[in-house]
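Accompanying notes for the structure given below.
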Amino acid sequence: MSFPLLTVTAAVPAVGAILTAAVPAARRTAAKWLALLFSLATLVLAVLVAVRFEPGGDRYQLTESRAWIADFGVRYELGVDGIGVALIALTALLVPFVIGAGWHDADPPAESTSGSATWHPSRWRPTQGFFALILLVEAMVIISFEATDVFLFYIFFEAMLIPMYFLIGGFGDRAHAGSDENAAAQRSYAAVKFLLYNLVGGLIMLAAVIGLYVVAGNFSLQEIAAARAAGTLDMATNTERLLFLGFFFAFAVKAPLWPLHTWLPNAMGEATAPVAVLITAVVDKVGTFAMLRFCLGLFPEASKWATPVILVLALISIVYGALVAVGQRDIKRLVAYASISHFGFIILGIFAMTSQGQSGATLYMVNHGISTAALMLVAGFLISRRGSRLIADYGGVQKVAPVLAGTFLIGGLATLSLPGLAPFVSEFLVLVGTFARYPVVGIIATIGIVLAALYTLVLYQRTMTGPVKEEVRSLPDLRLREVLVVAPLIALLIGLGVYPKVLTDIVNPAVKHTMSDVKQTDPAPEVEAAK
């Protein structure tokens with residue numbers, strides 16, 4: 001039996017979560033280093049997965065399959081295609097930076113000079129629990145990208161809500177206007193809203209999962225796809241459409257897609273900056289990934305049937321998210337609404353049903369994760385210094401903290417997809433792929449590019465330029481730990497912007513398989529005959 005690399009890759013952060021949670025209460029620093037060590041070990045394993053993956057080989061590689069709940073046809077079945085490999089690498093890459101950026105986010109308030117604690121036990125946020133929950137989320141996300149059994153995927157798709165609920169509600173942002181009681185109430189509201197939205201989506205998906213088993217007799221993605229290809233799986237048109245809607249609804253909540261998006265600004269606004277990165281750069285990618293793997297893979301005809309409506313919803317997400325971002329006064333909520341706009345681009349690329357669009361959507365998942373992490377983490381460093389999330393409370397920061405302002409600018413430019421930075425390549429491919437089949441949709445989507453430039457540059461102008469406000473005169477520049485967190489992300493944004501072939505070589509074969517699932521080919525270019 002070959003080495004179970006995929007299982008080990010998901011198991012290492014899970015074991016790390018258990019060991020980190022077990023560290024004695026007084027050993028907070030040891031818990032932090034232990035969590036960081038396990039996250040780095042996971043990154044090494046993710047790199048090994050990418051190295052062992054052969055882009056020109058079988059569709060699903062490094063496969064593992066074992067009987068689990070035999071009476072119900074449930075198997076422990078794992079496998080990765082190029083899209084899964086790219087997103088596992090993204091997850092494993094970002095978590096060490098999330099841990100590094102949140103190094104002090106779960107520390108109890110400082111003790112008084114007399115030695116007695118000035119914090120109340122009910123307001124103490126245990127460090128061990130914070131980092132253990134981050135590792136637990138990482139483990140569940142990774143196995144979601146690996147699962148090729150629908151029921152196995154569903155379990156971890158839902159289970160990751162639990163640690164995220166506690167990270168949002170129990171470890172919220174300290175830079176909150178108003179009293180401690182008001183801040184706690186806002187965090188609780190955001191956490192409950194996150195949980196309820198995603199639970200409703202998950203319950204609808206559960207009904208669809210059961211329906212799929214009734215129709216197909218098993219939960220294996222590969223077996224169901226093979227049966228469809230061989231013509232031995234008879235799925236009525238209306239049945240397929242209902243099952244598709246059950247799956248898509250859950251993924252659209254997770255993604256999030258308008259009008260199921262309203263939980264995201266609350267969750268990102270009330271969470272710490274590292275947890276906000278975990279939400280939008282890691283967890284939400286499970287939703288868009290699942291649209292490619294499960295919606296298009298299991299229900300190809302229903303996917304084409306629903307495409308016109310989904311494209312309209314994606315367009316609304318793009319324009320609405322960007323418009324609302326322009327009017328935001330809160331830095332973190334601005335980034336949240338910008339992410340809603342970006343997820344609209346991702347879903348647009350998926351359902352454009354072209355190879356350029358789907359390749360661009362996959363690259364967008366990776367590049368959006370890196371760019372949002374860079375921007376949000378630097379914003380978190382800024383907010384922690386000033387103690388405010390309001391844009392109006394800043395001004396002239398570049399004169400007192402030039403390194404912080406410079407990294408903030410690069411993160412912002414990546415968010416607006418500046419040529420030369422990684423998100424430009426993915427956004428360009430999405431628009432080219434969309435325009436090839438739906439030119440009007442592609443033209444309308446470009447409005448999002450213009451609005452992105454507006455909200456990004458206005459944010460930078462109001463916070464970093466102009467006269468130095470009295471409250472920011474004493475702001476320190478980035479410290480060594482913070483530079484070590486942000487610098488690799490900036491380097492990746494530049495590197496993947498200049499040389500995206502590293503990702504496209506892995507992703508493109510998987511996109512071809514997805515296009516084959518839905519029986520679509522790229523439209524032939526319309527070239528006017530020479531006169």
Kindly determine whether L421 and V498 satisfy side-chain contact (heavy atoms from CB on, under 4.5 Å), including the steps that lead there. CA-CA 7 Å; L421 297 177; V498 174; over 6 Å; no
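- With F157 as the aromatic partner, K254 meets the cation-pi criteria of under 6.0 angstrom to the ring centre and within 45 degrees of the ring axis.
- In terms of heavy atoms, A352 sits closest to L311 at N-CD2, 4.3 Å.
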Run the side-chain contact (heavy atoms from CB on, under 4.5 Å) check on L475 and L382 step by step: do they pass? CA-CA 8 Å; L475 290 186; L382 177 66; 4.2 Å; yes
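- A pairwise comparison of heavy atoms in V425 and G497 identifies CG2-O, 3.9 Å as the closest pair.
- Two residues are said to be in side-chain contact when any heavy atoms from C-beta on lie closer than 4.5 Å; V49 and T9 meet this criterion.
- Under a cut-off of 6.0 angstrom, the local environment of CZ in R481 is crowded, with over 12 non-hydrogen atoms contributed by other residues, nucleotides or ligands.
- Of the candidates L135, V141, I134, V137 forms a side chain to side chain contact (heavy atoms under 4.5 Å, CB included) with just one, namely V141.
- V397 is not listed as a side-chain neighbour of V468, based on a closest heavy-atom distance of 4.5 Å or more.
- Here the side chain of T288 pairs a donor or acceptor atom with the backbone of K285 at under 3.5 angstrom.
- Interatomic distance, L195 CG to M164 CE, rounded to the nearest 0.5 Å: 11.0 Å.
- Side-chain N or O atoms of S317 include one that pairs as donor or acceptor with a backbone N or O of W258 at under 3.5 Å.
- From L454, atom CG reaches atom CD1 of I449 across 14.0 Å, with rounding to the nearest 0.5 Å.
- For the ring-ring contact (aromatic ring centres under 6.0 Å, His included) condition, no pair includes a residue of residues 441-463, sequence neighbours left out.
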For L315 and V319: C-alpha separation, side-chain torsions, deciding distance, then whether side-chain contact (heavy atoms from CB on, under 4.5 Å) applies. CA-CA 6 Å; L315 278 179; V319 178; 5.6 Å; no
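- Side chains of F249 and L260 form a contact here, defined as non-hydrogen atoms less than 4.5 Å apart.
- When all heavy atoms of L377 and A101 are compared, the closest pair comes out as CD2-CB, 3.6 Å.
- Under the side-chain contact (heavy atoms from CB on, under 4.5 Å) criterion, E482 pairs with F381, R385, L478, R479, not counting sequence neighbours.
- A 4.5 Å side-chain heavy-atom check between L167 and I279 finds every atom pair outside the cut-off.
- When atom types are taken as modelled, the side chain of T463 and the backbone of Y394 share no donor-acceptor pair closer than 3.5 angstrom.
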Name each donor-acceptor pair under 3.5 Å that joins a side chain in residues 427-435 to protein atoms two or more places apart or in another chain, with its distance.
{"from": "E427", "atom 1": "OE1", "to": "Y364", "atom 2": "OH", "distance (Å)": "2.7"}
{"from": "E427", "atom 1": "OE1", "to": "S417", "atom 2": "OG", "distance (Å)": "3.1"}
{"from": "E427", "atom 1": "OE2", "to": "S417", "atom 2": "OG", "distance (Å)": "3.4"}
{"from": "T434", "atom 1": "OG1", "to": "V430", "atom 2": "O", "distance (Å)": "2.7"}

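- Atom-to-atom distance recorded for T20:OG1 and Q128:CD is 8.5 Å, nearest 0.5 angstrom.
- Within the 4.5 Å cutoff, the side chain of V486 has no heavy atoms near those of the F97 side chain.
- In terms of heavy atoms, T42 sits closest to A92 at O-CB, 4.0 Å.
- S426 places a side-chain N or O within donor-acceptor distance of the main-chain N or O of P423, the cut-off being under 3.5 Å.
- In this structure, S371 and L493 have side chains that are in contact, with non-hydrogen atoms separated by less than 4.5 Å.
- Using a distance-only test at 3.5 Å, with no hydrogens or angles considered, no donor-acceptor pair links the side chain of D393 to the main chain of S388.
- Annotation: H368 is in aromatic contact with F343 [ring centroid separation under 6.0 Å].
- Checked by atom type and distance alone, the side chain of H342 pairs as donor or acceptor with a backbone atom of T415 at under 3.5 Å.
- Between the CZ atom of R28 and the CH2 atom of W103 there is a distance of 12.5 Å, given to the nearest 0.5 Å.
- Of the possible donor and acceptor atoms, none in the side chain of K193 sits under 3.5 Å from a partner among the backbone N and O of L264.
- Residues L94 and A373 share a closest heavy-atom pair of CD2-CB, 3.9 Å.
- The CG atom of N508 sits 11.0 Å away from atom CD of Q358, with the distance rounded to the nearest 0.5 Å.
- P13 places none of its side-chain heavy atoms less than 4.5 Å from the side chain of L136.
- Checked by atom type and distance alone, the side chain of K332 never pairs as donor or acceptor with a backbone atom of P265 at under 3.5 Å.
- Side-chain atoms of V275 and F171, non-hydrogen and from C-beta on, never get closer than 4.5 Å to each other.
- Judged as a side-chain hydrogen bond (donor to acceptor under 3.5 Å, both in side chains), and not counting sequence neighbours, T91 has no contacts.
- Here the straight-line distance linking atom OG of S339 with atom CG of L334 works out to 9.5 Å at 0.5 Å rounding.
- Taking a cutoff of 4.0 Å between a charged side-chain nitrogen and a carboxylate oxygen, R389 and E270 qualify as a salt bridge.
- A donor-acceptor contact shorter than 3.5 Å is absent between the side chain of D330 and the backbone of L390.
- T262 is linked by a side-chain hydrogen bond (donor to acceptor under 3.5 Å, both in side chains) to Y197, counting only residues two or more places apart in sequence or in another chain.
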Check the pair R187 / I168 against side-chain contact (heavy atoms from CB on, under 4.5 Å), numbers first and verdict last. CA-CA 7 Å; R187 288 197 299 270; I168 297 168; 5.9 Å; no
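- A donor-acceptor pair under 3.5 Å is formed between the side chain of W263 and the backbone N or O of V253.
- Sorted by first and then second residue, the pairs that involve residues 264-292 and meet ring-ring contact (aromatic ring centres under 6.0 Å, His included), not counting sequence neighbours, are F145-F289.
- The two atoms that bring G202 and E158 nearest to each other are CA-OE2, 3.3 Å, heavy atoms only.
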